Amino acid sequence: MANTDLRGSDSIGEIASGLAGDIQDLVRGELALARAEIDQKIHGLITAAIAAVGGALVAFAGLVVLLEGGAALLAKWIPAWAALLIVGVVIVLVGGLIARAAIAKLSLQNIKPERTIASVQRDAHIVKEHI
C-alpha cells in the first residue's frame, strides 16, 4: 500500500511539474507576444513621425510661395503690412491645428499592447478554471 501512495505522489508531482512548465512556457510566449506587438506599434509611430516631418517640409516650401502670393494679392486693396499680418495669423492657426493632430497620434496610449493584454487575461481565466 505504501508503494501505491508513492506512485500517487509521483504522479501529482509530475503533474505539478508539468503544469509549472506549461505556465512558464505560457508566460514566455505572452512576453514574446507583448514585445513583438510593442515593437510593431513603435515602428508605426516612428514611420508616422518621419512621414509627418517629411510632408511638413515639402508642404512648407509650397506654402511659402502661396502665402507670398496671397499677401501680394491682399496688398492691392490694403496696406502690405496688414496683408502680411492677416496671412500670418491664418497660417499660425492652421499650423497649430496640424501640430495638435500630429501630437495626438504620437500619444503613448497608441503603443499599449491590447492584443497581449487580452490574451493574458484569457490565459489567466483558463488557468484559474483548471486549478
Side-chain angles (χ1 to χ4, degrees):
M1 212 176 227
N3 287 342
T4 307
D5 290 337
L6 268 177
R7 284 187 197 152
S9 296
D10 288 342
S11 295
I12 291 173
E14 289 172 1
I15 291 171
S17 176
L19 180 61
D22 290 345
I23 290 174
Q24 281 182 331
D25 291 343
L26 180 64
V27 169
R28 283 189 193 113
E30 294 297 351
L31 289 174
L33 176 62
R35 189 177 312 121
E37 188 175 356
I38 288 173
D39 286 347
Q40 178 186 18
K41 290 187 177 215
I42 287 174
H43 184 315
L45 287 174
I46 290 170
T47 302
I50 291 170
V53 169
L57 291 173
V58 171
F60 181 72
L63 184 61
V64 168
V65 174
L66 287 173
L67 294 174
E68 288 177 2
L73 183 63
L74 277 176
K76 290 185 176 198
W77 294 284
I78 59 176
W81 66 266
L84 290 169
L85 185 62
I86 290 169
V87 170
V89 167
V90 169
I91 291 310
V92 166
L93 291 174
V94 169
L97 291 173
I98 291 169
R100 186 176 180 189
I103 289 170
K105 287 186 178 184
L106 293 175
S107 168
L108 291 178
Q109 184 68 18
N110 290 335
I111 64 169
K112 183 173 150 184
E114 295 165 2
R115 291 182 305 205
T116 301
I117 290 170
S119 179
V120 167
Q121 289 172 342
R122 278 192 312 271
D123 294 342
H125 182 71
I126 289 170
V127 169
K128 284 179 185 178
E129 285 180 354
H130 289 87
I131 290 184

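These numbers were taken from a predicted model, which means no experiment stands behind them.
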Exercise. Under the side-chain hydrogen bond (donor to acceptor under 3.5 Å, both in side chains) rule, what pairs show up with a residue in residues 63-79, not counting sequence neighbours?
Worked result: none

Exercise. Hey, what else clusters with Val65 if you join Ile, Leu, Val, Met, Phe, Trp, Tyr whenever side-chain heavy atoms sit under 4.5 Å?
Worked result: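 When side chains under 4.5 Å apart are linked, Val65 ends up in no cluster with other residues.
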
Exercise. Which heavy-atom pair separates Ala83 from Ala75 by the least distance, and what is that distance?
Worked result: CB-N, 3.8 Å

Pairs of donor and acceptor atoms involving the side chains of residues 90-98, under 3.5 Å and at least two apart or interchain, shall be tabulated with distances.
none

Exercise. Residues two or more places apart in sequence or in another chain: which of them pass side chain to side chain contact (heavy atoms under 4.5 Å, CB included) with Ala82?
Worked result: Ile78, Pro79

Exercise. Who pairs with Ser17 by side chain to side chain donor-acceptor pair (under 3.5 Å), at least two apart in sequence or on another chain?
Worked result: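 For Ser17 there are no side chain to side chain donor-acceptor pair (under 3.5 Å) partners, ignoring immediate neighbours.
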
Problem set entry | Residue list, side chain to side chain donor-acceptor pair (under 3.5 Å) with Arg115, at least two apart or on another chain | Gln40

Distance-only criterion, 3.5 Å: show the donor-acceptor pairs between side-chain atoms of residues 118-127 and protein atoms not counting sequence neighbours.
from   : atom 1 : to     : atom 2 : distance (Å)
Ser119 : OG     : Glu30  : OE1    : 3.1
Ser119 : OG     : Glu30  : OE2    : 2.8
His125 : NE2    : Glu129 : OE2    : 2.7

Exercise. Which pairs pass salt bridge (Lys or Arg N to Asp or Glu O under 4.0 Å) with one or both residues in residues 16-25, sequence neighbours excluded?
Worked result: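 Sorted pair list: Asp25-Arg28.
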
Donor-acceptor pairs are to be reported for all side-chain atoms of residues 44-62 against protein atoms at under 3.5 Å, with residues two or more places apart or in another chain.
from  : atom 1 : to    : atom 2 : distance (Å)
Thr47 : OG1    : His43 : O      : 2.9
Thr47 : OG1    : His43 : ND1    : 3.1

For this session: Treat each ILVMFWY residue as a node, draw an edge where side-chain heavy atoms are under 4.5 Å apart, and state whether Leu33 and Ile117 are in one component.
Result: no

For this session: Check the hydrophobic clustering (I, L, V, M, F, W, Y; side-chain heavy atoms under 4.5 Å; chains of links allowed) and say if Leu63 and Leu74 are grouped together.
Result: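 Yes, one cluster joins them.
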
